[in-house]
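Below: one structure, written as C-alpha cells.
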Amino acid sequence: MATADTSLSTSSRRQFAAPQRHFAETAEPLYDTWQQALKDAIRDPFELCRLLELPAEWAAAARRVERSFSLFAPRSYVARMRSGDPADPLLRQVLPVEAEADVARGFSQDPVGDRQASLSPGLLHKYAGRVLIVTTGACAVHCRYCFRRHFPYQETPRTPEDWSDALDSIAADESVHEVILSGGDPLTLVDASLAALAERIAAIGHVRRLRVHTRLPIMIPQRVTAELLDWLTGTRLAPVMVIHANHAAELQGSAAVAVRKIVAAGVPTLNQAVLLRGVNDAVETLVELSERLVDLGVMPYYLHQLDRVAGAAHFEAPVDEGLRIVEEMRRRLPGYAAPRYVQEVAGEPYKIEVGMTRSQAPPGNGL
C-alpha cells in the first residue's frame, strides 16, 4: 500500500499561514489537578489523529519517526486544534512527521552549545550575570522543534538534594545576579519542591532575580495555582516569567485566564516565540500573536530564528523571510509590541539580533 504524503505542499502552507481567527474546536477537558491533566496527555499518534479526524496514514507516519522523541500533547491543547486539518498550527507543533528523519547539513544535537556552557550537572552559564538551572527533563508537551530534544537529561539533577552543587557554584560567583529555572519545564515539578529551591536561591545574597521559563500555563492552564504564585512572589527575589506561545490560537480559553492570573499577581511576563515554517511564518499571524499577548498583559520579547536542532530542519524559515516579516510587524505595531528577532549562536556572549553584525548589536542581548 502506498504511503501518504505527510509533508505540506507550498500551497497548503500558504493557506495555513493566512490570517485567521482560530478558536477551540471542542470543549477543554476538566481535571481536578494539573497532575491529572499531565498524566492524561495524549501519547499515541493514532489516538490524536482519531480525535482530530485525520487519516490514519498521518498517525502511521508519526509512529515511524517518533521513537527517539515521542508524541506528548495535553488534551486541553489538542482541544484548541481544528478537526480535519493536518495544517493546523498547533497540531504542526506536536505531531511527528517523516521529515524529522531527514539529515540536514548544519543541524546538530546541540545547536546552542549547552554542553560547552555546562558548569556542573544541570547548571549552564552562557551569559554574564545570569545562570540557568535545568531543573528537570520533563515537559508538558513535546514540541517537535525543541532545541533540547537530544539533551542528556539523564545527567542532570533528579531530586532537590541534587541541586546543591549548582547552588554552591552560584554562591561562589558574585557576578551572578539572576537565576533562570528551565528544563524541560520547571513547572512540571510540584510547588513544594520549587518553593524550597526558590528559598535556597534567595539565600544567596548576590542573586537579585528569579526567572522561570515555562510552557505549562499554555499547555495545562490548571498549573497556575495559588501555591505557584505564592512561592514565585514570596521571596525577596524579583520574579520574572517567560512563557512560550507561537500562535494566537494557543492563547484562548483557560490558557488566557491562566496567563492573566500570572500578570495580575504582579509578575512581569514575557513571551518567546519561534519563527516556524508552516506555523506562524506570516505577517498577519505574528501581528495577531503580538496583539493577543499585549491584550493579556504579556510583552512580546523575542522571536527566535529556529535553533538548528537535528530533526527540525523542515521548520526552518529563511532569514530573509523572517527579516521581511519583522520589518512589516514594526510598521503595523507599536514598538513595545514588536518582538526582537534574534538567534542564539553557540559560544557567543549574547543573543545576536538577526540582520545585525555582532559589532552592530546592542549590549545585553542575552538569555
Side-chain angles (χ1 to χ4, degrees), residues 8 12-28 52 73-95 140-141 143-145 213-221 224 241-263 269-306 315 317 321-322 324-341:
L8 287 179
S12 296
R13 288 196 298 270
R14 188 178 299 115
Q15 179 183 12
F16 166 68
Q20 54 192 296
R21 294 289 173 179
H22 176 145
F23 295 94
E25 284 287 310
T26 59
E28 293 188 26
L52 294 175
R75 293 179 190 272
S76 60
Y77 189 66
V78 173
R80 298 171 224 160
M81 299 176 185
R82 291 189 300 263
S83 295
D85 184 1
D88 177 86
L90 277 57
L91 175 67
R92 288 275 293 163
Q93 295 180 59
V94 301
L95 181 65
V141 63
C143 300
R144 307 315 302 176
Y145 53 88
H213 284 208
T214 180
R215 218 172 179 205
L216 259 294
I218 293 168
M219 293 296 137
I220 300 178
V224 181
M241 182 169 283
V242 180
I243 62 172
H244 175 188
N246 296 313
H247 196 285
E250 296 177 298
L251 295 165
Q252 306 297 340
S254 61
V257 174
V259 171
R260 283 193 176 105
K261 287 181 180 178
I262 299 166
V263 174
T269 306
L270 314 175
N271 184 69
Q272 295 191 109
V274 180
L275 181 63
L276 298 169
R277 186 158 59 105
V279 172
N280 60 9
D281 55 335
V283 173
E284 293 82 1
T285 303
L286 286 173
V287 165
E288 184 179 6
L289 171 62
S290 283
E291 289 184 329
R292 180 63 175 153
L293 288 164
V294 171
D295 289 347
L296 293 173
V298 179
M299 288 296 100
Y301 175 37
Y302 281 156
L303 175 67
H304 286 263
Q305 179 65 13
L306 180 77
F315 282 114
E321 181 67 10
R324 184 193 67 79
I325 290 171
V326 170
E327 177 64 23
E328 186 59 29
M329 289 177 71
R330 290 174 180 151
R331 296 178 188 276
R332 300 191 191 188
L333 293 167
Y336 60 80
R340 291 162 68 184
Y341 183 30

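A quick note: this is a predicted structure, and the numbers were derived from the prediction, not measured. Computed from heavy atoms alone, side chains included, the values below leave out hydrogens, waters and symmetry copies.
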Requested in this report: Using the salt bridge (Lys or Arg N to Asp or Glu O under 4.0 Å) rule, take Arg331 and Glu327 through it: C-alpha gap first, then chi angles, then the decisive distance, then the call.
Outcome: CA-CA 7 Å; Arg331 296 178 188 276; Glu327 177 64 23; 3.6 Å; yes
Query raised in the report: Just checking, any donor-acceptor pair under 3.5 angstrom between side chains of Glu250 and Tyr77?
Result: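 Result is yes, a qualifying pair exists.
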Query raised in the report: Can you tell me if Glu28 and Ser76 form a side-chain donor-acceptor pair at under 3.5 Å?
Result: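 No, no side-chain donor-acceptor contact under 3.5 Å.
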Return the [atom1] to [atom2] distance between [X] and [Y], rounded to the nearest 0.5 Å.
X: His244; Y: Gln272; atom1: NE2; atom2: CD; result: 8.0 Å
X: Leu52; Y: Leu91; atom1: CG; atom2: CG; result: 6.0 Å
X: Asn246; Y: Cys143; atom1: CG; atom2: SG; result: 7.5 Å

For the residue pair [X] and [Y], establish whether any side-chain heavy-atom pair is separated by less than 4.5 Å.
X: Arg332; Y: Ser290; value: no
X: Arg92; Y: Leu90; value: no
X: Glu284; Y: Leu289; value: no
X: Met81; Y: Val94; value: yes
X: Asp281; Y: Leu276; value: no
X: Val298; Y: Leu251; value: no
X: Leu333; Y: Glu291; value: yes
X: Thr269; Y: Met299; value: no

Report task. Applying salt bridge (Lys or Arg N to Asp or Glu O under 4.0 Å), run through Glu321 and Arg324 and close with a yes or a no. Result -> CA-CA 5 Å; Glu321 181 67 10; Arg324 184 193 67 79; 2.8 Å; yes
Query raised in the report: So, the side chain of Arg292 versus the backbone of Ala248: is there a donor-acceptor pair under 3.5 Å, distance only?
Result: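 Answer holds: no.
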**Report entry** Test item: Asn280 side-chain N/O and Thr285 main-chain N/O as donor-acceptor pair under 3.5 Å
**Finding:**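 Between the backbone of Thr285 and the side chain of Asn280 there is no qualifying donor-acceptor contact (under 3.5 Å).
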Requested in this report: For the pair Asn271 and Val242, evaluate side-chain contact (heavy atoms from CB on, under 4.5 Å) and give the outcome as yes or no after the intermediate values.
Outcome: CA-CA 5 Å; Asn271 184 69; Val242 180; over 6 Å; no
Minimal non-hydrogen separation, [X] against [Y], with atom names:
X: Pro217; Y: Ile262; answer: CG-CD1, 3.8 Å
X: Leu216; Y: Ala140; answer: CD2-CB, 3.5 Å
X: Ala73; Y: Val78; answer: CB-CG2, 4.0 Å
X: Ile218; Y: Ala245; answer: CD1-CB, 3.5 Å
X: Pro221; Y: Ser254; answer: CG-OG, 3.2 Å
X: Val326; Y: Leu303; answer: CG2-CD2, 3.8 Å

Requested in this report: Test Tyr341 against every option in His304, Gln305, Arg330 by the side chain to side chain donor-acceptor pair (under 3.5 Å) rule and name the one that passes.
Outcome: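 Testing Tyr341 for a side chain to side chain donor-acceptor pair (under 3.5 Å) against His304, Gln305, Arg330 leaves exactly one candidate, Gln305.
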**Report entry** Derivation and outcome, side-chain contact (heavy atoms from CB on, under 4.5 Å), residues Val141 and Arg215
**Finding:** CA-CA 8 Å; Val141 63; Arg215 218 172 179 205; 4.3 Å; yes
